[in-house]
Amino acid sequence: MNWDDAADERPERLVGAAADHEDQAVEAALRPRDLGEFIGQERVRQQLDLVLRAARQRQGTADHVLLSGAPGLGKTTLSMIIAAEMGVPIRITSGPAIQHAGDLAAILSSLQEGEVLFLDEIHRMSRPAEEMLYMAMEDYRVDVVVGKGPGATAIPLELPPFTLVGATTRAGLLPPPLRDRFGFTGHMEFYAPAELEKVIRRSAGLLDVEVADDGAAEIAGRSRGTPRIANRLLRRVRDYAQVKADGVITREIAAQALEVYEVDRRGLDRLDRAVLQALLKLFNGGPVGLSTLAVAVGEERETVEEVAEPFLVREGLLARTPRGRVATPAAWAHLGLVPPQQGSGPGQTGLFGP
């Protein structure tokens, strides 16, 4: 699943995992401040709590932390919680922003003792900066090169102990030498609907929105297992309830609001359904090539492959095969269509059975 380009999803997608400016502003107010407030990710949360408690008891610096997982699951929030739990400031940057070793050296040399450095999308950092980071993480020093050519001189620069929190949507792209230098690695899983209901109720309280239990459940079921999407849908349903109803979010109101915004009961939006409808109605469920499918939908090939397909595959509605894209029986059922008879000839079977 290609999550690297999820940050490039078009901002108008209500169910996109990337954060737009409105999301960033709202998330700042909704973020939990400590591990006790953090909802979900139970295993990662318990393990991280032990790491931080032990560091505080030693009165030392916490181990470097690597957090991996899809966008919108709470990696940035956890990095801020780590700093808060340790009582230290946090510096936030990203891999694409560090294109030269000098950029990283400037950041590292200005860190305070114990400070948390959050490096988002760490796998997109330049190779020279990455190699400098090896020594900084392990020995708390960097070699700054002064001059060029034969006269260049490497000046060692001592760094105060710090905690690096790296976040990545594609852990497999991290080179082993970098990955091995993290003392704790946590993988963020998609949220269960019950966990998202808790997130929605908590956010509704902070936003001063009245939401019924069945209303929270309706929004959670359409949120793709992602808290960021759940909070975004909550805000849109709040607007609908304020204008069209009495401001209280019930199941009926949530369903009506999300129908207006074209988010169906499984969290599919217009683009997702267009891909499935083209696959089912024009190509009888496939197999069909990606380029042909993209032309049928009227979208770029990359849009279909990187924006729509990951969720459809995860939901079991679409399969990628060597012969092309194929719809699963669940896709036919979701759109209320009857699949054609496959493998009806002697000795033949369809891709998903007789």
Side-chain angles (χ1 to χ4, degrees), residues 3-4 7 31 34-35 38 41 44-45 47-71 73-144 156-188:
W3 292 103
D4 182 33
R31 279 195 173 104
D34 55 52
L35 286 174
F38 192 86
Q41 311 296 338
V44 172
R45 188 164 58 86
Q47 294 172 346
L48 191 56
D49 184 49
L50 290 174
V51 171
L52 299 180
R53 284 175 181 267
R56 290 198 301 268
Q57 290 178 5
R58 293 192 303 268
Q59 297 184 344
T61 303
D63 286 342
H64 302 303
V65 175
L66 176 64
L67 300 173
S68 64
L73 297 181
K75 298 186 292 295
T76 302
T77 298
L78 275 182
S79 73
M80 294 181 174
I81 287 176
I82 290 172
E85 294 275 356
M86 295 300 297
V88 297
I90 183 172
R91 189 83 54 92
I92 299 177
T93 186
S94 65
I98 301 177
Q99 294 302 313
H100 306 283
D103 299 334
L104 180 61
I107 295 173
L108 293 173
S109 62
S110 63
L111 292 176
Q112 304 176 28
E113 184 172 353
E115 188 170 356
V116 170
L117 172 62
F118 177 60
L119 190 51
D120 197 12
E121 293 301 307
I122 190 173
H123 65 272
R124 297 175 65 182
M125 187 169 49
S126 69
R127 184 52 58 88
E130 185 180 280
E131 293 174 351
M132 174 179 283
L133 193 58
Y134 296 163
M135 185 179 299
M137 293 174 67
E138 199 163 54
D139 301 328
Y140 297 113
R141 75 181 185 89
V142 294
D143 291 335
V144 179
L157 178 64
E158 298 296 326
L159 303 175
F162 67 96
T163 297
L164 174 68
V165 179
T168 178
T169 54
R170 302 187 69 185
L173 294 184
L174 287 179
L178 178 58
R179 192 165 55 243
D180 293 344
R181 282 171 168 78
F182 287 95
F184 172 78
T185 301
H187 179 70
M188 311 287 282

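Predicted model only: the values in this text are computed from it and were never measured.
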Please lay out, stage by stage, how R170 and S68 fare under the test side-chain hydrogen bond (donor to acceptor under 3.5 Å, both in side chains). CA-CA 7 Å; R170 302 187 69 185; S68 64; over 6 Å; no

CZ (R56) with more than 12 external heavy atoms under 6.0 Å: yes

Are R141 and E158 ion-paired here, with the side-chain N under 4.0 Å from a carboxylate O? no

Can you see whether S110 engages R91 through a side-chain donor-acceptor pair at a distance of less than 3.5 angstrom? yes

Does D180 use its side chain to pair, donor to acceptor, with the backbone of P177 at less than 3.5 Å? no

T168 backbone acceptor or donor facing K75 side chain under 3.5 Å: no

Could you check whether T169 and E121, counting side-chain N and O atoms only, form a donor-acceptor pair closer than 3.5 Å? yes

Cationic N near anionic O, under 4.0 Å, R45 to D49: no

Using the rule ring-ring contact (aromatic ring centres under 6.0 Å, His included), only one of F118, F184, F162 pairs with H64; which is it? F162

Polar side-chain atom of Q99 near backbone of S126 as donor-acceptor pair, under 3.5 Å: no

Checking H123, E130, M125 against L174 for side-chain contact (heavy atoms from CB on, under 4.5 Å), the one that qualifies is H123

Taking A62's backbone N and O only, do any of them form a donor-acceptor pair with T163's side chain (distance below 3.5 Å, no angle check)? yes

